[in-house]
> 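One structure is given below, represented as structure tokens, and several questions about it will come after.
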Amino acid sequence: VQLQAYGGGLVQAGGSLRLSCAASERSFSDYTKAWFRQAPGNEREFVADINMSGLGTSYANSVKGRFTISRDNSKNTVYLQMNSLKPEDTAVYYCAADSLAIGGSGPTYDYWGQGTLVTVSS
């Protein structure tokens with residue numbers, strides 16, 4: 001059982017990137033999914049989550065209005081569209097899945113992807 005995150009890279013401030021996270025098993029379509037990030041020297045922080053249906057989402061205040069989380073259960077994939085990127089968005093981004101469907105920033109995530117690096121230059 002794996003989560004594979006990809007789509008990171010180097011982008012200038014104000015630019016956009018879309019991250020993807022593919023799950024290896026179809027059963028993951030039943031899980032709440034989320035993105036977290038960890039900048040150098042900082043603790044990992046919650047970015048956004050999305051419920052099983054895709055109709056319920058929540059965001060950290062720091063990314064609200066700029067980032068959009070979505071999912072395609074037919075492809076077992078969750079996305080993070082990041083617009084108006086800022087240098088402070090530079091971090092390794094991780095996707096996670098929560099079988100309890102609690103979501104949020106709490107400790108209930110069972111599975112984690114390996115992370116993809118996003119670097120935003122000023």
Side-chain angles (χ1 to χ4, degrees):
V1 175
Q2 292 183 333
L3 297 177
Q4 181 73 34
Y6 54 96
L10 174 64
V11 63
Q12 288 188 331
S16 299
L17 279 176
R18 188 176 82 155
L19 305 183
S20 301
C21 177
S24 61
E25 294 189 2
R26 186 163 295 278
S27 61
F28 273 72
S29 64
D30 296 335
Y31 292 10
T32 289
K33 303 282 183 57
W35 289 95
F36 288 75
R37 66 186 182 186
Q38 187 168 19
N42 290 357
E43 294 186 353
R44 187 170 59 195
E45 64 174 357
F46 170 80
V47 175
D49 71 359
I50 186 166
N51 69 0
M52 180 179 66
S53 69
L55 298 179
T57 60
S58 64
Y59 297 89
N61 287 335
S62 59
V63 306
K64 200 172 294 183
R66 299 187 297 123
F67 290 11
T68 302
I69 189 171
S70 62
R71 66 191 294 164
D72 184 340
N73 288 337
S74 68
K75 297 181 179 179
N76 293 340
T77 301
V78 61
Y79 305 97
L80 185 68
Q81 177 66 43
M82 306 185 294
N83 298 328
S84 302
L85 282 161
K86 304 174 181 179
E88 51 264 43
D89 294 318
T90 294
V92 177
Y93 283 71
Y94 299 90
C95 59
D98 175 9
S99 62
L100 296 179
I102 295 174
S105 59
T108 57
Y109 292 92
D110 314 77
Y111 302 98
W112 292 85
Q114 84 290 357
T116 184
L117 176 63
V118 172
T119 303
V120 184
S121 63
S122 57

> Is a side-chain N or O of Asn51 found less than 3.5 angstrom from the main chain of Gly56, in a donor-acceptor match?
yes
> Sub-3.5 Å donor-acceptor pair from the side chain of Thr77 to the main-chain atoms of Ala22, do we have one?
no
> Identify the heavy atoms of Tyr59 and Lys64 that sit nearest to each other, and give their distance.
O-CE, 3.7 Å
> Donor-acceptor pair, Asp49 side chain versus Ser58 backbone, under 3.5 Å?
yes
> Using 30° and 60° as the class limits, which term best fits the ring planes of Phe46 and Phe36: parallel, tilted or perpendicular?
perpendicular
> For Gln114 and Ala5, indicate whether the former's side chain and the latter's backbone hold a donor-acceptor pair under 3.5 Å.
yes
> May I ask whether Val118 and Val78 are part of the same hydrophobic cluster, defined by side-chain heavy atoms of I, L, V, M, F, W, Y residues being less than 4.5 angstrom apart, directly or through others?
yes
> Which heavy atom of Thr116 sits nearest a heavy atom of Gly8, and at what distance?
OG1-N, 3.0 Å
> Quick check on the hydrophobic clustering: are Tyr94 and Ile69 connected, directly or via other members, by side-chain heavy-atom contacts under 4.5 Å?
no
> Closer than 3.5 angstrom, by distance alone: can the side chain of Ser29 be matched with the main-chain N or O of Asn73 as a donor-acceptor pair?
no
> Tell me whether Val11 is reachable from Trp35 by hopping between hydrophobic residues (I, L, V, M, F, W, Y) whose side-chain heavy atoms are closer than 4.5 Å.
yes
> How close do Tyr109 and Gly104 get, heavy atom to heavy atom, and via which atoms?
OH-O, 2.6 Å
